[in-house]
Amino acid sequence: PANRRTEMASQMDTWKIMQIVIPWAISFVSICVTFYVAYMTKQTQKMLSLNEKKIQQIDSNLEHLREDLVRFYSAFSTNPKETMANVLVAYEILMANPLATDELRKAAYKVREFTTVKAMSVFGASVKTDSAIEPGDTYQSSIDELGKAYRQIVEEQNQKRANLLNDKLRERLFKKTANSSK
């Protein structure tokens, strides 16, 4: 019986300790989970903010490219000297655009060369066409190449934008799912 009492007292002490330790352990785990959720929320917000900035940059770059291309197309006038000067300036501005691809540069160069040859012929000056202009190339085919190159750039940038938006939507869905499970 004395052994039995000691054993029961030991079990009671263990039970009392468990009643104290278990709530403390649960509290500690809850605090750790709270810090983890706060950290993950902050990281998600940073990523969403970064994606928004990238999307805004894509939109801005596309807007500048469109403006540069409009400037290039608008450079043509009835005065050949003015047209040649405007086209040369607009061409340089277009070439400086960070989105300009090799295809766009090549097509814009052809348009610039055709314009120079045409403008110079008005003044009776014979200008030899550049080697970049291949047999069969015309002013219109060069304009068409320019438009095609521009559309390709826009499609690529829009795909990048869509990928960023999809990432953003996935994160929002994740966030909503996480919030609804609380």
Side-chain angles (χ1 to χ4, degrees), residues 39-178:
Y39 171 76
M40 290 306 294
T41 301
K42 186 175 182 180
Q43 293 300 96
T44 302
Q45 288 172 343
K46 278 183 183 178
M47 190 181 80
L48 290 174
S49 175
L50 182 62
N51 278 358
E52 287 175 12
K53 286 178 185 175
K54 287 179 181 177
I55 289 169
Q56 289 172 352
Q57 186 63 47
I58 288 171
D59 291 345
S60 175
N61 286 347
L62 283 173
E63 182 180 346
H64 288 125
L65 179 63
R66 183 179 59 251
E67 289 171 1
D68 292 347
L69 203 55
V70 166
R71 182 181 298 107
F72 188 71
Y73 281 125
S74 301
F76 304 95
S77 72
T78 56
N79 181 334
K81 281 185 182 179
E82 187 178 318
T83 295
M84 197 167 78
N86 290 345
V87 166
L88 291 174
V89 170
Y91 170 80
E92 293 302 324
I93 292 170
L94 182 61
M95 294 305 99
N97 191 297
L99 293 180
T101 61
D102 289 340
E103 292 82 17
L104 184 84
R105 286 184 176 97
K106 182 180 174 185
Y109 183 77
K110 286 181 181 182
V111 171
R112 185 191 90 171
E113 283 301 303
F114 276 116
T115 304
T116 302
V117 169
K118 179 81 170 168
M120 295 304 284
S121 69
V122 169
F123 298 111
S126 177
V127 178
K128 185 178 177 185
T129 57
D130 193 277
S131 62
I133 296 178
E134 300 165 2
D137 279 345
T138 63
Y139 178 76
Q140 187 58 50
S141 69
S142 299
I143 290 284
D144 293 343
E145 283 179 41
L146 187 63
K148 181 181 176 186
Y150 172 70
R151 284 188 305 278
Q152 184 178 356
I153 292 169
V154 170
E155 288 171 5
E156 289 171 2
Q157 294 301 309
N158 282 336
Q159 184 61 48
K160 285 181 184 179
R161 189 179 193 287
N163 290 342
L164 289 170
L165 284 173
N166 285 338
D167 288 348
K168 190 174 172 182
L169 291 173
R170 271 188 241 124
E171 288 302 320
R172 283 186 181 162
L173 180 62
F174 173 74
K175 192 174 182 181
K176 284 181 183 178
T177 306

Sequence-distant partners of Val89, side-chain contact (heavy atoms from CB on, under 4.5 Å), two or more places apart = Ile93
Mind checking side-chain hydrogen bond (donor to acceptor under 3.5 Å, both in side chains) for Glu134 and listing every partner two or more places apart, or none if nothing turns up?
-> none
Qualifying residues under side-chain contact (heavy atoms from CB on, under 4.5 Å), relative to Tyr139, sequence neighbours excluded | Phe76, Val111, Phe114, Thr115, Ile143
Identify the heavy atoms of Gly136 and Ser141 that sit nearest to each other, and give their distance.
-> O-OG, 4.5 Å
Here the salt bridge (charged side-chain N to carboxylate O under 4.0 Å, His left out) pairs for residues 61-70, sequence neighbours left out, are Asp68-Arg71
In short, salt bridge (charged side-chain N to carboxylate O under 4.0 Å, His left out) pairs touching residues 143-166 with sequence neighbours left out are Asp59-Arg161, Lys110-Glu145
For Gln56, the side-chain hydrogen bond (donor to acceptor under 3.5 Å, both in side chains) test, sequence neighbours excluded, returns none
Closest heavy-atom pair, Ala107 versus Ser142, reported as atoms and distance to 0.1 Å, is CB-O, 3.9 Å
Output all residues satisfying side-chain contact (heavy atoms from CB on, under 4.5 Å) with Ser74, sequence neighbours left out; order by chain, then residue number.
-> Val70
Please report the closest heavy-atom contact between Leu99 and Ile153, naming both atoms and the distance.
-> O-CD1, 3.3 Å
For Glu82, side-chain contact (heavy atoms from CB on, under 4.5 Å) partners two or more places apart = Ser77, Asn79, Asn86
Leu94 side chain near Leu104 side chain, heavy-atom distance below 4.5 Å = yes
Looking only at heavy atoms, which two atoms of Ile58 and Gln157 are closest? And how far apart?
-> CG2-O, 3.7 Å
